[in-house]
Amino acid sequence: MKILMVCLGNICRSPLAEGILQDKALKAGLNWQVESAGTNGYHTGEPPHHLSIKVAAANGLDISKQRSRVFTSADLENYDLIYAMAPDVLAEMKWIARNDLDEKKVKLFLEESFPGEQKEVPDPWYGPEPGYHELFDIINNNCDNIIKQYINQEQENSNDK
Ligand code: 4NP
């Protein structure tokens, strides 16, 4: 399965979501390919924000080799599941895709933990370091839920057979 994480700049939130979910998928023995992109393109080609790199490293993950790239409508065909980090990101994605978003494939990331609540992963861009540690915890918990729910679903599907 190919999964894309999307935020605005692809330097703070979605690189962490990519690194964390990819690591958990590998550890769970799932053959997932997790990548990330941003809607605004302001940081294309840059590595993640140094504080995202720092909190990832503090938790044993190296995200420093990632490079920011812009989200395009072609991504809608190339991925099985696309997560927007916040409602404003989803609105930007709709604009880029000319409203043509498949709602089964494109979801708010925190829908997996707080369904129907339209929650955003807070943008730490303007704030100091503690915001990045909170960011790590929010993303990490949600990625645990994504993996748990996927494994439960797979079990239910195999019990139905
Ligand atoms: P991100 O944070 O979307 O989590 O990568 C941002 C980084 C940069 C900008 C906005 C958000 N920016 O406008 O440059």
Side-chain angles (χ1 to χ4, degrees), residues 1-25 32-103 105-147:
M1 182 155 74
K2 280 187 76 175
I3 300 177
L4 187 68
M5 303 291 189
V6 186
C7 62
L8 297 174
N10 191 209
I11 54 167
C12 300
R13 291 167 290 178
S14 61
L16 272 174
E18 172 185 333
I20 293 170
L21 189 63
Q22 183 68 78
D23 179 62
K24 289 186 192 296
W32 290 2
Q33 189 181 338
V34 187
E35 293 173 358
S36 63
T39 52
N40 74 25
Y42 296 163
H43 298 274
T44 296
E46 293 178 19
H49 190 281
H50 68 100
L51 291 174
S52 285
I53 292 177
K54 185 175 172 181
V55 295
N59 288 279
L61 295 176
D62 178 10
I63 64 165
S64 67
K65 292 180 191 66
Q66 293 184 29
R67 292 296 176 266
S68 174
R69 76 158 176 89
V70 75
F71 172 79
T72 70
S73 52
D75 291 324
L76 296 163
E77 274 137 55
N78 294 338
Y79 293 85
D80 305 300
L81 188 52
I82 303 180
Y83 285 119
M85 292 294 122
D88 61 338
V89 175
L90 195 58
E92 295 265 318
M93 288 164 69
K94 276 194 182 138
W95 189 81
I96 291 168
R98 296 187 186 83
N99 271 326
D100 193 17
L101 291 186
D102 174 351
E103 286 178 12
K105 200 187 247 199
V106 181
K107 289 187 188 180
L108 273 179
F109 181 64
L110 290 178
E111 271 294 295
E112 304 291 9
S113 301
F114 307 97
E117 293 189 29
Q118 305 287 308
K119 278 205 181 207
E120 63 166 5
V121 177
D123 188 350
W125 171 241
Y126 297 101
E129 183 167 340
Y132 286 80
H133 291 279
E134 286 161 26
L135 180 65
F136 187 95
D137 291 342
I138 291 169
I139 293 174
N140 193 51
N141 288 336
N142 196 54
C143 288
D144 278 336
N145 287 338
I146 290 173
I147 301 263

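Atom set for the values below is all heavy atoms of this structure, side chains included, hydrogens, waters and symmetry mates excluded. Counting starts at 1 for both ligands and their atoms, following the listed order.
For His43, the heavy-atom gap to ligand 1 drops under 4.0 angstrom.
Here the side chains of Val121 and Met5 are not in contact, with every heavy-atom distance at 4.5 Å or above. You'll find the side chain of Leu51 stays beyond 4.5 Å of the side chain of Pro124, heavy atoms only. The closest side-chain heavy-atom distance from Asp102 to Ile82 is not below 4.5 Å.
Looking at Asn142, its side chain never comes within 3.5 Å of a backbone N or O of Ile138 through a donor-acceptor pair.
An N or O contact shorter than 3.5 Å is missing between Tyr42 and ligand 1 by distance. In terms of N/O distances under 3.5 Å, ligand 1 is not approached by Ser14. Distances between N or O atoms of Gly9 and those of ligand 1 include at least one value under 3.5 Å. No N or O atom of Cys7 sits closer than 3.5 Å to an N or O atom of ligand 1.
Both the sub-6.0 Å distance and the 45° axial angle are satisfied by Lys2 relative to the ring of Tyr79.
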Apply side chain to side chain contact (heavy atoms under 4.5 Å, CB included) to Leu108 and Lys119, showing your working.
CA-CA 8 Å; Leu108 273 179; Lys119 278 205 181 207; over 6 Å; no
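The Cys12 neighbourhood of ligand 1 comprises atoms 1 (P), 2 (O), 4 (O), 5 (O), with distances under 4.0 Å to a heavy atom of that residue. Interface atoms of ligand 1 facing Asn40, defined by a heavy-atom separation under 4.0 Å, are 12 (N), 13 (O).
If you check each of Asp123, Thr39, Val121, Ile11 against atom 11 (C) of ligand 1, the one with the closest non-hydrogen atom is Asp123.
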